[in-house]
Structures are given as C-alpha cells and as structure tokens.
J.: 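Pasting in a structure now, in structure tokens, and then I'll have a few things to ask.
As the structure is a computational prediction, the values presented were derived from the model and not from experiment. The sequence lines fix the lettering, A, B, ..., with proteins before strands; numbering per chain opens at 1.
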Number of protein chains: 2
Amino acid sequence: MAKSNDTGKIDISTEAKIKEAARTVFYRKGFAATRTRDIADEAGINLALLNYYFRSKQKLFEIIMIETLSGFVQNMLIVVNDEKTTLEKKISEIASRYIDLIIKEPEIPTFIVAEIRSNPNLLLEKLPVKKAMANSILSKQLQQAIAEGKITEPNPLHFLMNLMGLIIFPFIAKPLLMGGSDLNTPAFNKVIKERKQLIPIWIKAMMKAK
Amino acid sequence: MAKSNDTGKIDISTEAKIKEAARTVFYRKGFAATRTRDIADEAGINLALLNYYFRSKQKLFEIIMIETLSGFVQNMLIVVNDEKTTLEKKISEIASRYIDLIIKEPEIPTFIVAEIRSNPNLLLEKLPVKKAMANSILSKQLQQAIAEGKITEPNPLHFLMNLMGLIIFPFIAKPLLMGGSDLNTPAFNKVIKERKQLIPIWIKAMMKAK
DNA sequence: GTCTATAACGTGATAGAC
DNA sequence: GTCTATCACGTTATAGAC
C-alpha cells in the first residue's frame with residue numbers, strides 16, 4: 001500500500017517498488033536477458049524479497065506482461081467503442097493517444113513484440129484484438145462508409161494494419177532509422193508529434209485511393 | 001564447403017550446418033533465450049563442435065546478425081539507387097521485394113528489432129540507413145517531386161517510416177493482430193500479398209494528401 | 001518483512017580420447 | 001574433426017537467523 005510518510009513524499013511499499021523495478025528492467029532487456037539481481041538492484045532491495053513477494057521471476061514477469069498488454073489494448077478499445085464520435089474523430093484520437101502514450105514509455109512496443117514471440121499462445125487467447133475490432137463501433141462505421149462508397153478498400157484488416165503501423169512502427173524501428181540507442185531524443189519526438197496530425201490525413205487519403 | 005556426394009544430394013559441411021541451425025534458433029528465440037545445446041541439437045552435431053568452429057555463442061551470433069542485417073539493408077539499397085527507374089517504380093519494387101523476402105523468412109523483422117535493442121550501438125554505426133537513404137537516387141527523386149509540387153509532405157523521414165511501416169509492421173504485429181504463433185499461415189499471406197499492389201497506391205495517395 | 005548464506009541447477013566452454 | 005565427460009561459473013530460488 002502507498003501511504004505518505006512524514007517527509008511528505010509518497011511511501012511506496014516494497015512490493016510496489018519491486019514491481020516497478022521489474023517493469024523497468026523487463027521493458028529494457030526482455031525476460032530472458034534480465035537477471036533477478038538486476039531487478040533487486042533496481043528496486044534497491046534484497047534478492048530474497050523478490051521471491052518472497054512474487055514467488056518466481058516467471059510469475060513476476062507474467063504480472064508485468066498482463067498489465068502492459070491489457071493497458072495497451074484497452075486504451076484503444078475505449079476510443080474504438082465510443083458511440084458519440086465519428087470515424088474520422090476516432091482515427092485522430094487513436095493516433096494522438098497512442099503517440100502520447102508511447103512517447104512516455106518508448107520501450108513498450110518492442111517489449112510486447114519481442115516477448116510475444118516467446119510466449120505466443122499463452123496470453124493471446126485472452127486478448128482477441130481482431131475479434132474486439134470486428135465487433136467494435138469503429139468497425140460498424142467502417143462498414144457504413146464502405147456501403148456509402150466513401151471508402152475503396154473493403155478489408156478492415158488492412159485498415160488496422162495501416163493505422164497501427166503508421167503509429168507504432170517508427171518507435172520500433174527507431175534504432176535502425178536514426179542510429180543510436182536512446183529512444184527518446186527530442187529531434188525524433190518532434191517528427192513523431194507531427195504524425196499526430198498527419199496520420200489521420202494520410203489514412204483518409206489511403207482509404208479513398210484506388 | 002558444399003560438395004555433392006554419391007546420393008546426389010548436397011553434402012553440407014559441419015560448419016555450414018551449425019551456422020544454419022544457429023540462424024534458425026536465433027531467429028526464433030533471440031540471443032539471450034537460445035542455448036548452445038539447442039543449436040547443436042538443431043544441427044544434429046555435438047555441442048563441442050560449436051565451439052570448435054565458432055569459438056563462442058557470441059561470435060556465432062555476431063556472424064548471423066551481420067549477415068542478416070546487411071542482407072536486409074542491401075536488398076533495399078540496390079533498388080533505391082537504381083538510376084533507371086522512376087520514383088513510383090522504386091516504391092513498388094521495394095514493397096514487392098521485401099514482402100516476398102519476409103514471407104520466406106517471417107521471423108527476420110522481429111529478430112532484428114528484438115536483438116538491436118540489446119546491441120544498440122554495436123552494429124548500427126556500420127549500417128547508416130538514414131545516411132544511405134539521404135544520399136540515394138530515390139532521395140533525389142523525392143526532392144525533385146517536391147520541387148515540382150507533386151508531393152505535399154517534404155520530410156523524407158516520414159516517407160521512409162511510412163513505406164517501411166506499411167511493409168514490415170504486419171509481420172511484426174501478426175501474433176497480436178491475428179492470434180496464434182505461426183507466422184506463415186495462408187490466410188495471412190493472402191492478405192499480405194494484396195499489399196504488394198496496395199502499398200504503392202497508398203503511398204502515392206499519402207504523398208499528395210493535405 | 002528483511003536480511004545473509006547457500007543450495008540446486010543450467011549453461012558456456014574446454015580437456016582429452018579417438 | 002568429432003565425440004564424451006567434466007569443469008567453472010552464473011543464476012534462480014530457498015533456508016533460517018533476526
């Protein structure tokens with residue numbers, strides 16, 4: 001439990017400290033390359049406490065993984081199922097929210113991609129992205145736009161690949177595109193922020209292209 | 001050295017067998033999660049031979065990594081610096097070649113992305129993608145198109161992110177988008193192959209959008 | 001709850017026979 | 001060149017004192 005102490009700062013429980021440290025290290029290095037000692041050092045606690053609170057490295061990892069994935073997907077589902085907004089508004093909302101989210105934690109996309117490779121079947125059945133998309137309000141709005149002839153490409157899977165790719169790919173490919181390892185350089189972030197406005201324009205143009 | 005034997009099949013040297021096995025296992029699991037015993041088993045040889053031929057797991061990995069990266073980048077540079085082709089032709093060539101290449105070895109994009117995270121500074125100085133692009137024929141053609149007012153978005157970095165993202169992202173995100181772990185399902189490949197035609201159309205539309 | 005010490009195991013690498 | 005046996009070490013996890 002977090003509670004304030006007499007310095008006025010927030011007093012974070014040992015359990016929470018370990019979890020936060022685990023998140024940091026797992027995000028940066030992945031499951032296989034992180035050592036439980038790295039997490040203990042990062043948390044400023046003793047190695048034995050990790051097992052006391054979380055039983056094993058694997059259990060701790062799964063907690064981080066589930067929280068990360070569900071946070072990442074839920075973020076989208078909220079926007080995608082809003083009954084009050086137009087298709088165009090949803091697209092710019094998704095672009096804007098994800099870009100802000102990933103700028104804050106730029107390691108998340110590569111973490112998810114890299115770790116799902118090792119764990120493929122375990123968690124994905126619980127996160128039916130495709131099915132959730134197929135039943136969404138956004139999907140209905142897409143179908144309607146197709147029926148009205150406003151869109152030329154009828155496969156929603158292409159739409160999803162394009163939108164997510166335009167948003168997420170630059171972060172994943174940054175080391176290749178820009179060189180260097182720092183995922184949060186100002187020059188890069190400036191270009192990325194431009195994309196909040198550009199992606200909706202691009203997607204609109206793509207959907208009408210033929 | 002590969003030489004034919006009396007069965008008519010190709011006789012592959014032990015060294016080559018180990019390298020191929022290493023490629024397979026490293027692509028699937030990454031450096032940190034692969035065990036040298038996995039590679040030896042995959043190659044059908046003894047563990048000691050791995051060290052006899054390649055000295056260490058690290059050395060073997062670096063060979064695979066360098067071959068993979070340079071193959072991946074060179075493939076693009078050939079197209080991008082062809083003086084005889086138009087800008088439009090280059091875009092469809094890149095899309096077509098990369099999609100074919102990745103369908104053959106669908107683990108490569110995630111492998112590269114995941115491993116560069118661990119090795120960020122080591123190899124990237126030798127692979128200046130951004131600089132190579134900046135000096136390319138394609139880049140000159142882009143500048144000319146901008147000067148002639150045929151393109152609205154003047155930042156070539158967006159162009160590169162968009163083109164590579166539309167091509168590569170679906171492979172990286174497949175487990176999330178489609179569920180399951182097999183990267184080479186027919187239904188997925190069918191959708192992907194459509195993109196060989198669609199991406200050039202989309203890119204063209206995006207570049208003119210405003 | 002938190003620590004030190006240590007057990008139990010897996011892994012990379014090598015020695016040495018053939 | 002190829003194998004078996006083994007070493008040396010790092011890592012996860014636990015026992016037990018406080």
J.: Give the rounded distance in Å between these two atoms: NZ of A/Lys57 and P of D/dG10.
T.: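 About 16 Å, once rounded to whole Å.
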
J.: Just how far, in rounded Å, is C1' of C/dG16 from CG of B/Asn51?
T.: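 Computing the B/Asn51:CG to C/dG16:C1' distance gives 15 Å.
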
J.: Tell me, please, which residues at least two apart from B/Gln141 pass side chain to side chain donor-acceptor pair (under 3.5 Å).
T.: B/Lys90

J.: Could you list the donor-acceptor pairs under 3.5 angstrom formed between side-chain atoms of residues 40-49 of chain A and any protein atom two or more places apart in sequence or on another chain?
T.:
unit_1	atom_1	unit_2	atom_2	d
A/Asn46	OD1	A/Ala48	N	2.8

J.: What is the separation between atom CZ on B/Phe54 and atom P on C/dA13, rounded to the nearest whole Å?
T.: 13 Å

J.: All N/O contacts under 3.5 Å from nucleotides 2-5 of chain D to the protein, with atom names and distances to one decimal?
T.:
unit_1	atom_1	unit_2	atom_2	d
D/dT2	OP1	B/Thr14	OG1	2.9
D/dT2	OP2	B/Thr14	OG1	3.3
D/dT2	OP2	B/Tyr53	OH	2.6
D/dC3	OP2	B/Asn46	N	3.3
D/dT4	OP2	B/Asn46	ND2	2.9

J.: Return a table of donor-acceptor pairs under 3.5 angstrom between the side chains of residues 154-180 of chain B and protein atoms on other chains or two or more places apart.
T.:
unit_1	atom_1	unit_2	atom_2	d
B/Asn155	OD1	B/Leu157	N	2.8
B/His158	ND1	A/Arg195	NH1	3.0
B/His158	NE2	A/Glu194	OE1	2.8
B/Asn162	OD1	A/Arg195	NH1	3.1
B/Asn162	OD1	A/Arg195	NH2	2.6
B/Asn162	ND2	B/His158	O	3.2
B/Lys174	NZ	B/Asp182	O	2.3
B/Lys174	NZ	B/Thr185	OG1	2.9

J.: Hey, are B/Glu107 and A/Arg117 close enough for a salt bridge, meaning a charged N less than 4.0 Å from a carboxylate O?
T.: no

J.: Run the salt-bridge test on B/Arg23 and B/Glu20 with the 4.0 Å N-O cut-off and return the result as yes or no.
T.: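 Yes, charged N to carboxylate O under 4.0 Å.
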
J.: What is the separation between atom CD1 on B/Ile12 and atom C1' on D/dG1, rounded to the nearest whole Å?
T.: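 Those two atoms, CD1 and C1', are 18 Å apart.
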
J.: A/Arg55 CZ to D/dT14 P: how many Å, rounded?
T.: 7 Å

J.: Taking only residues two or more places apart in sequence or in another chain, which ones pass side chain to side chain contact (heavy atoms under 4.5 Å, CB included) with B/Lys57?
T.: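 For B/Lys57, the residues satisfying side chain to side chain contact (heavy atoms under 4.5 Å, CB included) (neighbours in sequence not counted) are B/Phe26, B/Phe31, B/Thr34, B/Thr36.
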
J.: A/Phe61 CZ to D/dA13 P: how many Å, rounded?
T.: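 Interatomic distance, CZ of A/Phe61 to P of D/dA13: 14 Å.
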
J.: Strictly below 4.0 Å, heavy-atom distances to any atom of DNA chain C: list the hits from residues 25-41 of chain B, or just say none.
T.: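 Those residues whose heavy atoms fall under 4.0 Å from DNA chain C, taken from residues 25-41 of chain B in numerical order, are B/Thr34, B/Arg35, B/Thr36, B/Arg37.
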
J.: Over how many whole Å does the gap from B/Lys59 atom NZ to C/dT14 atom P extend?
T.: 12 Å

J.: Got more than 12 heavy atoms from elsewhere within 6.0 Å of CD, A/Glu67?
T.: yes

J.: In plain terms, say whether A/Asp82 and A/Lys89 are close enough for a salt bridge, that is, a side-chain N and a carboxylate O under 4.0 Å apart.
T.: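 Looking at A/Asp82 and A/Lys89, the cut-off is not met.
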
